[in-house]
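Just so we're clear, the structure is a prediction, and the values are computed from it rather than from any experiment.
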Amino acid sequence: MAYEDAITALADPTRRLIIDRLRRGALPVAAIARDMDVSRPAVSQHLRVLSDAGLLTVTPSGNRRLYAIAPDGVDNLRRYLDTLWDDALTAFARAAEEKAKGNAK
């Protein structure tokens, strides 16, 4: 999946909360939905969006499904964010060099 799908999926605070809950490992819907301000069916819809964006894996386990963070989906997003960070560092280095040249005169 493209990083744009991940960014769009993570724009929703409920989805970010779900990702935070899954950081420690795979969970069923009931555990993910526990103490959330949205209904369990709404949590299921959010899980589907995150899965469709490539951010989650879904593993059947008996009569339930376990959701976990998908390393590949997160890796795509990380690579994109790394390019932003690289661009920022390059711009900072360029600005520092220009300032140093200006002070050397």
Side-chain angles (χ1 to χ4, degrees):
M1 287 285 156
Y3 72 87
E4 295 96 341
D5 296 331
I7 289 172
T8 300
L10 292 172
D12 185 281
T14 300
R15 293 184 199 129
R16 290 192 305 272
L17 176 60
I18 289 169
I19 291 292
D20 284 343
R21 289 185 177 198
L22 293 172
R23 290 176 67 183
R24 288 184 220 100
L27 293 171
V29 176
I32 295 167
R34 189 174 298 127
D35 300 324
M36 290 184 77
D37 291 336
V38 297
S39 68
R40 191 166 155 185
V43 169
S44 292
Q45 289 176 344
H46 286 295
L47 289 167
R48 179 167 184 131
V49 170
L50 290 165
S51 296
D52 289 348
L55 293 171
L56 297 183
T57 61
V58 184
T59 306
S61 177
N63 63 348
R64 62 185 187 167
R65 294 171 176 250
L66 295 177
Y67 293 85
I69 294 174
D72 290 343
V74 173
D75 193 46
N76 289 337
L77 179 59
R78 184 194 54 78
R79 278 195 303 269
Y80 169 70
L81 294 174
D82 283 348
T83 64
L84 293 178
W85 181 243
D86 291 344
D87 292 347
L89 289 176
T90 299
F92 177 76
R94 189 171 27 250
E97 288 171 10
E98 289 174 13
K99 183 155 179 90
K101 287 179 188 175
N103 288 340
K105 292 181 181 178

At their closest point, which heavy atom of A53 faces which heavy atom of A9, and how far apart are they? CB-CB, 3.8 Å
Between I19 and I7, is there a shared hydrophobic cluster once you connect ILVMFWY residues whose side-chain heavy atoms come closer than 4.5 Å? yes
Do NZ/NE/NH1/NH2 and the carboxylate oxygens of D75 and R78 come within less than 4.0 Å? yes
S61 (side chain) donor-acceptor with R64 (main chain) under 3.5 angstrom: no
Between D52 and R48, does a salt bridge (charged side-chain N to carboxylate O under 4.0 Å, His left out) hold up when you go through it step by step? CA-CA 6 Å; D52 289 348; R48 179 167 184 131; 3.6 Å; yes
Side-chain donor or acceptor of T83 paired with backbone N/O of Y80 under 3.5 Å: yes
Please name the pair of heavy atoms, one in A11 and one in R16, separated by the smallest distance, quoted to 0.1 Å. O-NH1, 3.0 Å
Worked check of side-chain contact (heavy atoms from CB on, under 4.5 Å) between L10 and L77: CA-CA 11 Å; L10 292 172; L77 179 59; 3.6 Å; yes
Cluster link V74 to L17, ILVMFWY, side chain under 4.5 Å: yes
CG of D37: more than 12 outside heavy atoms within 6.0 angstrom? no
I would like to know whether I69 and R23 meet side-chain contact (heavy atoms from CB on, under 4.5 Å); could you show each step before the answer? CA-CA 7 Å; I69 294 174; R23 290 176 67 183; 4.1 Å; yes
Under the 3.5 angstrom rule, does the side chain of R21 hit a backbone N or O of I32 as a donor-acceptor pair? yes
Return the CG to CZ distance between L84 and R79, rounded to the nearest 0.5 Å. 13.5 Å
Would L81 end up clustered with Y3 when hydrophobic side chains under 4.5 Å apart are linked, directly or stepwise? yes
From L55, L56, V58, residue fulfilling side chain to side chain contact (heavy atoms under 4.5 Å, CB included) relative to L47: L56
Approximate separation, where rounding is to 0.5 Å, of R15 CZ and L50 CG: 6.5 Å
How long is the span from the CD atom in Q45 to the OG atom in S39, to the nearest 0.5 Å? 7.5 Å
Would T14 and M36 count as a side-chain contact (heavy atoms from CB on, under 4.5 Å) here? Give the steps. CA-CA 9 Å; T14 300; M36 290 184 77; 3.6 Å; yes
The test is side-chain contact (heavy atoms from CB on, under 4.5 Å); show your working for L27 and Y67 and say whether it passes. CA-CA 5 Å; L27 293 171; Y67 293 85; 6.0 Å; no
